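Single-structure report; data block below.
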Amino acid sequence: MRGWFAGMSAAGVAAGALVLALPAFGADPDDLAADAKLQLAESHVTATLTPTHARRLFVLDVAFPAAEAARTYVLDGATGRIEGMFNQAYWPNFAVSPDGSELYAVDSYWEKHTRGKRSDYIVVRDARTLQVSEDIPLPAGRLLIVSKKYDFDVTPDGRYGLTYNLAPQTTVTVTDLKARKSIGTIGIPGCGLIFAQAASRFSSLCADGAIATVTFDESANGTIRRTANVFDAKNDPAFEHSGWDKHHQMLYLVTYHGKVVPVDLAGEQAVAGPSWWLTDEAERRAGWRPGGWQVCHFHSSKRRLYVLMHRGGDWTHKNSGTEVWEFEATTGRRVQRVRLPEPAQSIAVSQDDDALLYAIGDSYRIYALGLATGKLLYKTRPLGFTPQLLTVWGD
Amino acid sequence: MRGWFAGMSAAGVAAGALVLALPAFGADPDDLAADAKLQLAESHVTATLTPTHARRLFVLDVAFPAAEAARTYVLDGATGRIEGMFNQAYWPNFAVSPDGSELYAVDSYWEKHTRGKRSDYIVVRDARTLQVSEDIPLPAGRLLIVSKKYDFDVTPDGRYGLTYNLAPQTTVTVTDLKARKSIGTIGIPGCGLIFAQAASRFSSLCADGAIATVTFDESANGTIRRTANVFDAKNDPAFEHSGWDKHHQMLYLVTYHGKVVPVDLAGEQAVAGPSWWLTDEAERRAGWRPGGWQVCHFHSSKRRLYVLMHRGGDWTHKNSGTEVWEFEATTGRRVQRVRLPEPAQSIAVSQDDDALLYAIGDSYRIYALGLATGKLLYKTRPLGFTPQLLTVWGD
Amino acid sequence: MTPISSTRFDRLIEAFTRGAAQRSSRRGFLSQCGLWLIAASALPLLPVARRAQAGEQPAGKPVRKFASAFANLAQTSDSTRCNYWRYCASDGYLCACCGGGPNTCPPGTSPSPTSWIGSCINPDDGKTYLIAYRDCCGQDSCGRCLCLGQEGDMPSYRPQVNNDIVWCFGASSMVYHCSSAGLVGLAE
Amino acid sequence: MTPISSTRFDRLIEAFTRGAAQRSSRRGFLSQCGLWLIAASALPLLPVARRAQAGEQPAGKPVRKFASAFANLAQTSDSTRCNYWRYCASDGYLCACCGGGPNTCPPGTSPSPTSWIGSCINPDDGKTYLIAYRDCCGQDSCGRCLCLGQEGDMPSYRPQVNNDIVWCFGASSMVYHCSSAGLVGLAE
């Protein structure tokens, strides 16, 4: 009996050099030849991802009916192939480090999945292996809300991760991603969301329609400068997922009714530019307006704004969009209208020159269209439970 | 501003006597009258369940695509109404205490939902409030396997919870449910599953077709008595979810091919009776055989065996059943064939006189049929992710 | 009840609810359909719900009896349906489908000790009532009867009128299970 | 590799695999379609999968080239489909749909250090090959391409031939992600 052993070995997996020792059988004449040993014809390895590239697509599935069990899928945006997946937890956020080497997941865990002690972290993963390299505690917690992209942002230099909280004051916790340590919390009374435009600066939208810009130091002491109201927060609020051009430090606020308010976030205080409309009067009369979840996305080098549009009345701002409209952000000129194969809740655009438009359809399929051609490249099978947010490198 | 306060109070919830203090507004002329206080017309309470009764139905949803997030739904079996739900964790088990006062969930948690430290428990809940009254640790762990009913059983007196493990020996951990403490682990080499027939006794099925009966003392020292083989484990194994009549200490093994082997588990050593067939030769030729997940169920006072049947070839033992066949267990006489509205994976029968037949259809709907009439009482909307096991009081 | 406004938490609630109440007392933007306050971590995700929502945007104008689009389609008999009159400002899984009711949390959960006040028109008498919206907390999503509401829903930088936040502040658990809607009384 | 059979764990594996290997070397009950060993925590649950399974039970007899029903329907070109020839004994979510392949675990997971050996017929050459089935462990269910296998699947009191057990013993995590199937070589 001892002449035989099981087909196993230490999991020298990443090395890819696993050789399977095959059973060498004993005396039973019905068995294979005694002492037979076969090499495994193939190694049994764990795949690693290619370095982060412009067409990698991250799909955050908030898994609403089992919200403790959110996950992010990693796709090859060019083909729709699933390249990997990792678990997130309760109403998470997600971002890619500016250099593409790390993935940041903002997660809330309960000791017993849905009960017991809660703990909040920025979870750092290697972007190629998806292995966790650090759980950075967020001792001040974070807001639990159906995941919105700009409840978390990373400064352009990759140094700080900024997480939004409401407990009960509205605050932003500053985490030093290099030192792997939360360094403090900055109050942003009456404001929310985080658009991190510079090494030690971020802006937020305020309940009264102002923009607050916070400049902070290495101890997370912040100075707030607020603008006058730049949009009508009561009657025509700006979408949380407005167009964010971090590279040019420009935020293109898109309102429920379809107005665009460009806001320059470069300085210590934001400066709003002249507003323009997504729609002309005839289009507005026909009911065209923005709507969905991740309603807008931006292509930074082209300086183009993409908006999910549908026809509907008031209070349809979360209706799925049937088309994506592309605009020159600096002029307000509409470049094209792209009809989607299926109404969609969320869109994103790859940041390469030959940009792809991604959409999460209502059937939970992921669609990719070439923006130059408007042609559908693929649709995936339905992905996950309730895929919600799309992230590309550099967005 | 201080003259006003928010509509909240301490959550005196179970008492049902919550009175909502309504905003009394300040000086703003646009507000409601200053100092107005309204009583909440209704109390805002948390429901409690009626005491466990014969027609309560527990549906364990293993949530295969998010296995960390299993849950059990509590239904009114008479109407299909959802009465409540509680979260379970990774490949759990579930049982009701014999007196109906407690619910036992056997769960495996990870500190960070899918990673970190693992811990295993029998979680005790009050059957009326669903509140956790105790997490009893299982220091020896438990087998992780797609949930099977008889990987966990409770002795008829309600004293001991018995959990199956394979790590790597096959063992049973004995937990004193009254003392809320695991007291030891008993090896059952070559055998698996747990049928707890007496205060300090359980039986298991063995890989060679024998039945092992373990009699144990208060320190979990066990004495094993094995039978000779009572079924052909190699060529016609017995289903794990065979017919279990705990009340009469009779196990009706049902085999892949449709044979029934009654086994008397009353004594220190099991005794098999003469076997019989679910099918006659013509039915076998027509392909009728048992199949599904929870393939069989038993009505103890009627001594009737219920089996999910379908037409298929070899290796269709997990195919869904299109009919449920009802048998007098003591005679082998078939009482009726009940055609199901939809093929089903799992069945159970309420233990009252006017028994209901429950089934989990392939669309994940729960069906209830009157066994006296064969008539459909209701079907629910699809329930959960992958509902898997049904439990009724006294099964 | 004694106001407990001296805590930090209360000040948040106060700030939230004051804003909400101001709007509810106006014949304005928000009061038409009741307030769409933080009643749930709601989310327009299930295709069924999306279609239902889309279906409520008919090409022609329906006959409108009330200013509230919700009230024009509401009923008062079945609290397990999205158009039950009290749910004009609710969003999320209905507690009534999960073992609770419009003013009852399912077993194993507890109502958040805080609530928002909305106002809904009862289509039977045409009167406007104040409704206390509470999340039931302590189990993960019940997963039954997802109702998507948008009327009055504002972005989360206006948290007092955003329906995506998990409104379990102050409850024994911050895990959202379902949304309930208790009757307070006549609004005016 | 050096056998590491002196541990308690090895003895289990030995016991399991010995039984399995005995059966695989026979022209019997199990060897026809390869062994249906513990390759996954598999589960016949998704309606799609159930229907697919049901669809494989035609009323008439299909033309059978091989003794294995699986091999008669198998193909060798697309490892993301349930009927890829190596999966004759696999059950669960296919790693090939999840960022891995028949012999590759997806990023962020690792193969269980233990594996079971099955034998599958390659329909192109009609020869029987040994296949090493491993679970990839460390993330929750990948949720893509659930394949339901039953041929050779026995109850869990015969764990060496049951396909419901989470086969991550000895891996860094006991959380099942997907099922892989590496080629060992010719069976005979």
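None of these values were measured; they are calculated from a predicted model. Hydrogens, waters and symmetry mates play no part in the numbers below; they use all other heavy atoms, side chains included. Every chain is numbered from 1 and lettered A, B, ... according to where its sequence line falls, protein lines coming before strand lines.
- The residue among D:Pro107, D:Gly108, D:Gly99 with the most heavy atom pairs within less than 4.5 Å of chain A is D:Pro107.
- In this structure, D:Trp167 and D:Ser179 have side chains that are not in contact, with every pair of non-hydrogen atoms separated by 4.5 Å or more.
- With rounding to the nearest 0.5 angstrom, the OG1 atom of A:Thr175 is 11.5 Å from the CZ atom of A:Arg180.
- The closest side-chain heavy-atom distance from D:Tyr93 to D:Arg144 is not below 4.5 Å.
- Counting only distance, with no hydrogens or angles, the side chain of D:Asp153 and the backbone of D:Asn162 share no donor-acceptor pair below 3.5 Å.
- Note on A:Val132, A:Asp126, A:Leu383, A:Val74: by heavy-atom pairs under 4.5 Å with chain D, the leading option is A:Leu383.
- Remark: side-chain polar atoms of A:Asp61 are not paired, donor with acceptor, to backbone N or O of A:Gly384 under 3.5 angstrom.
- If you check the side chains of A:Ser320 and A:Gln345, you find a donor sitting under 3.5 Å from an acceptor.
- Top candidate by heavy-atom pairs under 4.5 Å with chain A, chosen from D:Gly138, D:Cys98, D:Gly101, D:Pro106, is D:Cys98.
- Of all residues spanning residues 93-123 of chain A, none has a heavy atom less than 4.5 Å away from chain D's heavy atoms.
- Both the backbone and the side chain of A:Arg381 come within contact range of chain D, judged by heavy atoms closer than 4.5 Å.
- The pair A:Asp352-A:Arg55 counts as a salt bridge, with a side-chain nitrogen and a carboxylate oxygen less than 4.0 angstrom apart.
- With chain A as partner, the option from D:Cys142, D:Ala171, D:Pro102 having the largest number of non-hydrogen pairs under 4.5 angstrom is D:Cys142.
- In this structure the side chain of A:Arg56 never reaches within 4.5 angstrom of the side chain of A:Val392, judged on heavy atoms.
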